[in-house]
Amino acid sequence: MAIVKDFSVEEKLVELAKLQKLDSKLDQIQILKGELPMEVSDLEDELAGLNNRKNRVEEEINGISEYIEQKKAIIKDSEALAIKYEKQSENVKNNREFEAINKEIELQQLEGKLAEKHIRDANIELTQKIEALDDVKKKIEGKDAVLKTKKDELGKIIAETEKEEKAYQAKIDKAREEIEERLLYSYDRIRKNFRNGLAVVPVERDACGGCFNAIPPQKQSEIRQRKKVLVCENCGRILIDEELSDSIQID
């Protein structure tokens with residue numbers, strides 16, 4: 001863990017305010033990217049799901065096709081056996097043998113008809129699966145096109161802001177090393193509480209620069225003295241005086 005110097009309260013406030021301004025600059029870059037990173041991630045997840053679905057349907061189609069081929073083989077075997085039994089019937093010696101052979105022929109014919117029914121049912125299911133596969137392929141094609149567009153947009157923004165983003169991140173990392181752990185924890189916690197990420201704000205027009213709640217004159221005087229780390233009683237943000245805020249330059 002980095003060793004933090006023993007700063008005065010004013011110095012601590014300066015470092016906190018500096019960190020806030022740096023974080024706000026980085027936040028602006030993220031705003032420039034907008035919802036694109038999340039949209040790209042969501043599209044990638046959606047495409048992964050669609051591709052999994054496509055693979056499942058293809059496996060089902062292959063399974064049905066194999067099933068149909070098996071039934072066709074059964075029909076072929078049944079027809080061959082029926083012909084065989086018919087030839088045998090020509091050489092029967094009594095009615096008992098004739099009836100037995102006829103039953104075998106009927107059995108093979110029934111086997112063939114049942115297999116034909118199974119094939120018809122399977123072909124209906126196969127048609128439905130092929131339609132489902134075509135549908136999911138069209139969805140994948142559409143999502144792929146949208147994803148490519150979004151990635152191109154995001155790539156352009158990243159290319160334009162990457163150097164600036166890295167520079168600010170390096171400054172942020174350095175600034176964080178100058179702040180004691182307790183204050184840094186409070187700062188991070190406050191930042192997470194607000195969508196705009198403002199944890200340190202100046203008093204402007206006698207009000208908190210974050211929630212615009214009025215700050216009493218006595219408290220404003222204490223803030224200007226910079227002897228304590230004071231927070232807004234309404235929103236909990238760390239308050240600094242406007243002069244201190246204006247004096248901090250990060251560019």
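Index from 1, following the sequence.
The two residues L147 and L47 make their nearest non-hydrogen contact at CD2-CD1, 3.4 Å. Of all the heavy atoms in A175 and L19, the pair that sits closest is CB-CD1, 4.2 Å. Across I74 and A115, no two heavy atoms sit closer than the pair CG2-CB, 4.1 Å. Nearest heavy-atom pair across A17 and I240 is CB-CD1, 3.7 Å.
Under the 3.5 Å distance criterion, with hydrogens and angles disregarded, a donor-acceptor pair is assigned to the side chains of Q30 and E165. Side chains of Q20 and S24: a donor-acceptor N/O pair is present below 3.5 angstrom, by distance only. Checking Y187 against D23 by side-chain atom types alone, a donor-acceptor pair falls below 3.5 Å. In this structure, a donor-acceptor pair under 3.5 Å is present between the side chains of Q169 and D173.
Under the salt bridge (charged side-chain N to carboxylate O under 4.0 Å, His left out) criterion, K139 pairs with D135, not counting sequence neighbours. For L36, the side-chain contact (heavy atoms from CB on, under 4.5 Å) test picks out E39, K150, E153, L154, I157, with sequence neighbours left out. The side-chain hydrogen bond (donor to acceptor under 3.5 Å, both in side chains) check on R191 picks up D27, with sequence neighbours excluded. Residues meeting the side-chain hydrogen bond (donor to acceptor under 3.5 Å, both in side chains) test with D152, sequence neighbours left out: K148. Partners of L114 according to the side-chain contact (heavy atoms from CB on, under 4.5 Å) rule, which considers only residues two or more places apart in sequence or in another chain, are H118. For N234, the side-chain contact (heavy atoms from CB on, under 4.5 Å) partners two or more places apart in sequence, or in a different chain, are C211, N213, C232. The salt bridge (charged side-chain N to carboxylate O under 4.0 Å, His left out) test applied to E164 returns no partner, not counting sequence neighbours. I68 pairs by the side-chain contact (heavy atoms from CB on, under 4.5 Å) definition with I64, K72, I119, A122, N123, L126, not counting sequence neighbours. K117 is linked by a salt bridge (charged side-chain N to carboxylate O under 4.0 Å, His left out) to D121, counting only residues two or more places apart in sequence or in another chain. Scored by the side-chain hydrogen bond (donor to acceptor under 3.5 Å, both in side chains) test, K113 finds no partners at all (sequence neighbours excluded). Here R195 pairs with nothing under the side-chain hydrogen bond (donor to acceptor under 3.5 Å, both in side chains) rule; sequence neighbours left out.
The shortest side-chain heavy-atom distance between Q28 and K25 falls under the 4.5 Å cut-off. Considering only heavy atoms from C-beta on, E79 stays 4.5 Å or farther from Q108 through its side chain. For the pair V231/R237, no side-chain contact is recorded, criterion being any heavy-atom separation below 4.5 Å from C-beta on. Between F98 and N94 there is no side-chain heavy-atom pair separated by less than 4.5 Å.
The CD atom of E35 sits 9.5 Å away from atom CG of D42, with the distance rounded to the nearest 0.5 Å. Remark: Y168 OH to L26 CG distance equals 9.5 Å, nearest 0.5 Å. Rounding to the nearest 0.5 Å places CD of E116 at 9.5 Å from OG of S78. With values rounded to the nearest 0.5 angstrom, L81 atom CG is found 11.5 Å from Q109 atom CD. Rounding to the nearest 0.5 angstrom, the gap separating the CD atom in E243 from the CZ atom in R226 is 5.5 Å. Rounding to the nearest 0.5 Å places CD of E104 at 10.5 Å from CG of N102.
Look at E180 and K12 and you find a salt bridge, because one of the NZ, NE, NH1 or NH2 atoms lies within 4.0 Å of a carboxylate O, short of that distance. Ion pairing of E44 with K151 is present here, as a side-chain N (NZ or NE/NH1/NH2) and a carboxylate O approach within less than 4.0 Å. A salt bridge links K54 to E58: one of the charged nitrogens lies within less than 4.0 Å of a carboxylate oxygen. Remark: E141 does not engage K137 in a salt bridge, criterion side-chain N to carboxylate O under 4.0 Å.
Applying the 6.0 Å contact sphere to CG of D45 captures more than 12 heavy atoms from other residues, nucleotides or ligands.
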Margin query: Could you walk me through whether K84 and K87 satisfy the side-chain contact (heavy atoms from CB on, under 4.5 Å) test, starting with their C-alpha distance in whole Å, then the side-chain angles of each, then the deciding distance to 0.1 Å, before giving a yes or no?
Written below: CA-CA 5 Å; K84 175 185 172 183; K87 287 182 178 179; 6.0 Å; no
Next item on the list: Take I179 and E15, measure what side-chain contact (heavy atoms from CB on, under 4.5 Å) needs, and give me the verdict at the end.
Entry: CA-CA 7 Å; I179 301 172; E15 291 301 325; 3.9 Å; yes
Next item on the list: For side-chain contact (heavy atoms from CB on, under 4.5 Å), just list the numbers for S245 and D241, CA-CA rounded to whole Å, side-chain angles, deciding distance to a tenth of an Å, and then say yes or no.
Entry: CA-CA 6 Å; S245 178; D241 59 279; over 6 Å; no
Checklist line | K18 and I250: CA distance, side-chain angles, deciding distance, side-chain contact (heavy atoms from CB on, under 4.5 Å) verdict | finding: CA-CA 7 Å; K18 180 181 177 182; I250 59 171; 4.2 Å; yes
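If you chain together hydrophobic residues whose side chains sit under 4.5 Å apart, I83 and I105 never meet in one group. When hydrophobic clusters are built by joining Ile, Leu, Val, Met, Phe, Trp and Tyr residues whose side-chain heavy atoms come closer than 4.5 Å, directly or via intermediates, I158 is grouped together with V40. In terms of hydrophobic clustering, with Ile, Leu, Val, Met, Phe, Trp and Tyr side chains grouped at heavy-atom distances under 4.5 Å, L13 and Y185 are assigned to different clusters. No continuous path of hydrophobic side-chain contacts links V57 to Y67 [ILVMFWY only; heavy atoms under 4.5 Å].
Members clustered with L198: V201, V203, I215, I223, L230, L239, by chain and number, using a 4.5 Å side-chain heavy-atom cutoff among hydrophobic residues.
Here the side chain of K227 pairs no donor or acceptor atom with the backbone of V9 at under 3.5 angstrom. Panel note: side chain E11, backbone S8; a donor-acceptor pair is recorded below 3.5 Å. Distance alone, capped at 3.5 Å, places no donor-acceptor pair between the S41 side chain and the M38 backbone. A donor-acceptor pair is defined here as one N or O able to donate and one able to accept, closer than 3.5 Å; such a pair exists between the side chain of T149 and the backbone of A145.
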